[in-house]
Structure formats: structure tokens, C-alpha cells
Amino acid sequence: MHCYIKDLSGHIGQSVTLQGWLYNRRDSGKIAFLVVRDGTGLCQCVVAKSPETEGFFDQSRRLGQESAIRITGTVRANEKQIGGHEVDVTGLEVVGESTDFPITPKPHGIDFLFKNRHLHFRSRRQWHILRVRATVIDEIRSYFNRNGFTLIDTPIFAPAAGEGAQTLFEVDYFGEPVYMAQTGQLYVETACMAFGKVYCFGPTFRAEKSKTRRHLTEFWMVEPEIAYAELDEVIAVAEDFVHSIVQRVLKDHREDLEFLGRDMASLEAIQKPFYRLTYSEAADLLHSTKAKELLQNDLETKHARIAELKKSIEEKDKQSEAQGVKQWQKDKMIAELAEHREELGDLEEEVKNIPHHMELAANFQWGKDLGGSDETIISRLHDRPTFVTHYPRNVKAFYMKKNEQDERICNNFDLLAPQGYGEIIGGSQREDSYDELMAQINRHELDPADYAWYLDLRKYGSVPHGGFGLGVERTIAWMCGLKHIRETIPFPRMMGRFYP
RNA sequence: UCCCCGAUAGCUCAAUUGGUAGAGCGAGCGGCUGUUAACCGCUAGGUUGUAGGUUCGAGUCCUACUCGGGGAGCCA
């Protein structure tokens, strides 16, 4: 009977058939251990040399990594083994051979792994991350569905810019230029006038020439939009929504997060209410001694860690060269050394940047947009997500609603994830006055003809409304505690990388 | 667009001051009955990213380019 590895606990003592791929193999003359993965988990299968296994024992010792196999055997509980079970093999069928699988259980470089991304996500770490992704996406959809939002699919070919014109991918559309959508926002705005509460969810495209750990050229974004909502209501939805994602991931993915080494306590600390700061308060915070102390402490702890790492690297170097060290011990030390060297490199870069960041924060001027390092500082000073609201209008998009009390600012917000993960949401109340919106379009030197349909909203029953966009990959990176978002999407598209 | 770092075997890396390109993994063969990135022995595997330059001699130094990594700006 076919059984998935995740269901083995219900079949102890029984004979089952596993269908999967060979993850790793260890063997000696009379016994072979086949670690099998089937998409639901890993299980070690034991082939002992005996009259019953004679037909396939030698074959089992020659199987290449990732050979597709069907294994029949008896399930036995074994707490020491991965997954808590072991299967004593009584039958083996090779469904598809595999030789020279490129991704071995040894370390590889990032470039190589992502050139082999189609094979890379068979690895455990990637498997855990992409399972979390599936749940984050499911929670996004079910959150909005159960809260009365209607899904509206927005086009990917768009006639005009939604945001900055420099970051558009242009496509030849039967001889005319169109652009890959950067946002569905303008469309969901029109849709909320028909359905009240709506959301769109899909890939968006930005031709940003950014090679950083927070950027993709193709990423997924969910954008809810609510008619008759003003800023506070939009923020309340964003808060409840992000909270529900965190709760769901904690509920369903404890094991995955533990494998990834995620610090659970800091995720469990994500409770409502989140922090709220105005842009002006954020600017004060950047100027405060608190910010300065944070960076100074950083500098000290990082220097200490650098010294520690250097010492440890030196020791390990010596140890690994000492005589009588077993090869596997050497391997382990070399792997640790590589990790330490990477951490050291990162730290040295950070230490180099800290004085610059201190300067940027201390000299932050009202009216400028918050830079990456500024966001990191604010995010690090809070143990829960932080809303930063009411930015200066002149650094924000044309469609954001002018604040009634202070003309210099708009009713917008960003949500910064804690622990330095930074911006995961950007949102705002939208400008609902025709005249004001037209003035903004002119101020931004956009062509009103491109936005005629969008301006129509303000002609036929305009109401206050607002919404936000949440970056799915940044959210997953935060959930999983990853330092790079390229691992959070099955096939990342980045500047200079679009294969496979 | 700008700044920093890198490119050596299929993979991960080493190669002292400019002086005969090595190791582990992977692959192939053999050995080992409880392995946990198993281990032990043998074999094969290289135009040192590309193009030029300096030098008696270049993986190593210089210039340009290509590709990759990190960051700034910009952003989710």
C-alpha cells in the first residue's frame, strides 16, 4: 500500500510502499542505508544483505543520488532517525535512474545553486522555506476572503506607470509600448467602487537596478483596497492582517521554522497593537541618543564578535591542519570556517557602514525619504512591527491623500518589520479630490491622458478610500529569518538572473 | 548609474616573495553489518573567466572587458 512519509506513524509494524527519490545513501558490505524523500518528509530505509534482499541489494548500493525509487518495507519507530521512523526494506523498484546529480550534500556556492534552482529546491532547507511560502500565500487569500474582500485580478500589461517611470519593464505590444505592471493599485481603486472591499494578488515587475538582498525584479504583492476607508481604518486592517499571517505560520510551521533556525520567541512576541510613529516622530527618533546608542552598541558588539571569530578561525585553521584529524572532522571544521568567514565578511562590511549610518541618522532632515539604514534603525528599536505614518508629500507617490491639517504631509504609512527586516508594506489613503489629483499629476509631470480612466473615479461618486501593498517575499524572509529573499520564491528573477 | 569584493578540476576551496597547479567532495572500481554531510584504498579529471601588457618566468603584478556577490540610490 502506498504511504506518504508524513503518515508513517499510523503504520508502525505494517508493510508500506514509499514512492520517492534517493536523498542520500550510506552503505557497507552487508548493509545499506537509503535516505528517501517523497515531498512530505525524509525517511531512512535499511537494506540488510539477506536471502530476501539478494535480488536488489547490490543495486541499492549503486543507486545515484536522486534516483526515483519505489520501496516496500516494514515500518519501525526509531526516535533517533529523521522523521522518527525507519523502514526495513523488502522490495525495491527503480522508477527513474539518476547519475551525477549536481547538488551534493556538501557546500555549494550561491551562483551554482541558483543556476540549478530547478534541482536546488529538492534540498531540505529550500523545501522548508517554500512550504512556509505556500502557507503565507494561503493565509493571504483566506484572510481577505473571510473578511469580505472580493478578489479582483488586475492586468499585467499596463498602459502607464503606477509608480516611478524609471523602473518599468517595457514590452512590445503589437508595435506599441506597454509596461509590465508594477502594481495593481490603480485598478483595485476602481474596483473597490464596485465591490466595496477588494484585493488583487499576483506578480509585479520592477526594473530596479538593485542588487541587494531585499530586491527581486519579479515579486508577489497583495493589494487590498477599501472604499469609504480613511487612514486609520486601513492601518487597522494591515495590523490585523499581518498579525494573522504570523499566527498562522506559527501554528502550522513550527518544525520548518525550527529547522531554519528561526528565533521563535521574537515571532511569538508579534502581538497587537503594533507600534505607531509619525514620520516626524521617526525623524526625532533618528536624531535621538537612543538611535546613537543602538549603533554604538552595535559597533561594540560587532567588534567583539569580529575578534571572537578571528580567534576561532585561527584555532580551527590550526586544528584542521593538525595530524590525526579524521576527514569528516576536517570537513566539519572547514564548513564552520567557511561560515565564520562569511559572517566575518558581513560584519566587517557592517562595521564599515555603521559610522556612515550614524551620520545619516544624526543628520536626517525633515522632508527626505527614510533611507534603508534609517528604516533598519527604527525597525531594530522595536520588537513588534512599526507603522510610520504621514510622510512628506513631495517624496511620495502622486495618488496619496493630502493631510487636511498639514499640507506638507500625506495620509500614508509604511509598515516596518522588526529585527531590521524593514519595509514589508507601503500604503495610503488615496487622493479623492479630482482637482487635487489633477494638480498632483501635473506636479509629477505625468500625462493626464494616461490617467483619464483613473480620474473618472473622482468624477462619478468619489469617496475616501485607501489600501496597501504587502511584499510577499519580504514577509516570508521575515517569517523564516532569512537574510536574502531569493530563497523565498521558487524561481527568483533578479537583475542579471532569469535562468532557469 | 555609482562604490567595494571575487572568478583555479563537475562542486567547495588551497597554492609562501612572481618560480614544477594541489586537497576534499562528486564520478568509476574495490573493501567494510548500524551508518547519520559515514569511513578506508585505488583511478580518471585543468587552455587558472576573456583579451592584451610587464617579466627570463604570471594562477599570482598592471589595463580593459565579461560574469557573479555585497552595498548606495530606489523600493515591497
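Reminder, nothing fancy here: chain letters follow the sequence lines and each chain counts from 1. Atoms considered below: every heavy atom in the structure, side chains included; atoms not considered: hydrogens, waters and symmetry mates.
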Opposite nucleotide pairing with [N], Watson-Crick or G-U, both atom distances under 3.5 Å:
| N | result |
| --- | --- |
| B/A76 | none |
| B/G45 | none |
| B/G19 | B/C56 |
| B/U36 | none |
| B/C2 | B/G71 |
| B/G10 | B/C25 |

Could you state the atom-to-atom distance from [atom1] of [X] to [atom2] of [N] in whole Å?
| X | N | atom1 | atom2 | answer |
| --- | --- | --- | --- | --- |
| A/Ile354 | B/G71 | CD1 | P | 14 Å |
| A/His356 | B/C2 | NE2 | P | 18 Å |
| A/Arg62 | B/C29 | CZ | C1' | 11 Å |
| A/Ile82 | B/U36 | CD1 | P | 14 Å |
| A/Leu113 | B/G26 | CG | P | 17 Å |
| A/Ile31 | B/C32 | CD1 | P | 14 Å |
| A/Ile103 | B/C25 | CD1 | C1' | 14 Å |

> Given B/G68, is OP1 or OP2 found less than 4.0 Å from the side-chain N or O atoms of A/Arg497?
Replying inline: no

> Distance check: side-chain N/O of A/His484 vs OP1/OP2 of B/G70, anything under 4.0 Å?
Replying inline: yes

> How are the rings of A/Trp366 and A/Tyr279 set relative to one another: parallel (under 30°), tilted (30 to 60°) or perpendicular (over 60°)?
Replying inline: perpendicular

>> Is the ring pair A/Phe241/A/Phe144 parallel, tilted or perpendicular, if the boundaries are 30 and 60 degrees?
In response: tilted

> Is the base of B/C75 touched by the side chain of A/Arg474 through a donor-acceptor pair closer than 3.5 angstrom?
Replying inline: yes

>> So, under a plain 3.5 Å distance rule, would you say the side chain of A/His215 forms a donor-acceptor pair with the base of B/C75?
In response: yes

Could you tell me if [Y] and [X] have a donor-acceptor pair between their side chains, going purely by distance under 3.5 Å?
| X | Y | answer |
| --- | --- | --- |
| A/Thr104 | A/His108 | yes |
| A/Tyr391 | A/Asp414 | yes |
| A/Thr217 | A/Glu208 | no |

>> Restricting to non-hydrogen atoms, name the atom on A/Val16 and the atom on A/Val75 that form the minimum distance, rounded to 0.1 Å.
In response: CG2-CG2, 3.5 Å

Within the 4.0 Å heavy-atom criterion, would you say [X] contacts the bases, only the backbone, or no part of the nucleic acid?
| X | value |
| --- | --- |
| A/Asp414 | nothing |
| A/Glu86 | base |
| A/Lys80 | nothing |
| A/Gly496 | sugar-phosphate |

Choosing from [options], which nucleotide comes nearest the side chain of [X]?
| X | options | value |
| --- | --- | --- |
| A/Lys211 | B/G68, B/U35, B/C75 | B/G68 |
| A/Arg61 | B/G71, B/U12, B/C32 | B/C32 |
| A/Lys106 | B/U36, B/G71, B/C25 | B/C25 |

> May A/Phe33 be described as stacking on the base of B/G34, applying a 5.5 Å centroid limit and a 30° limit on plane angle?
Replying inline: no

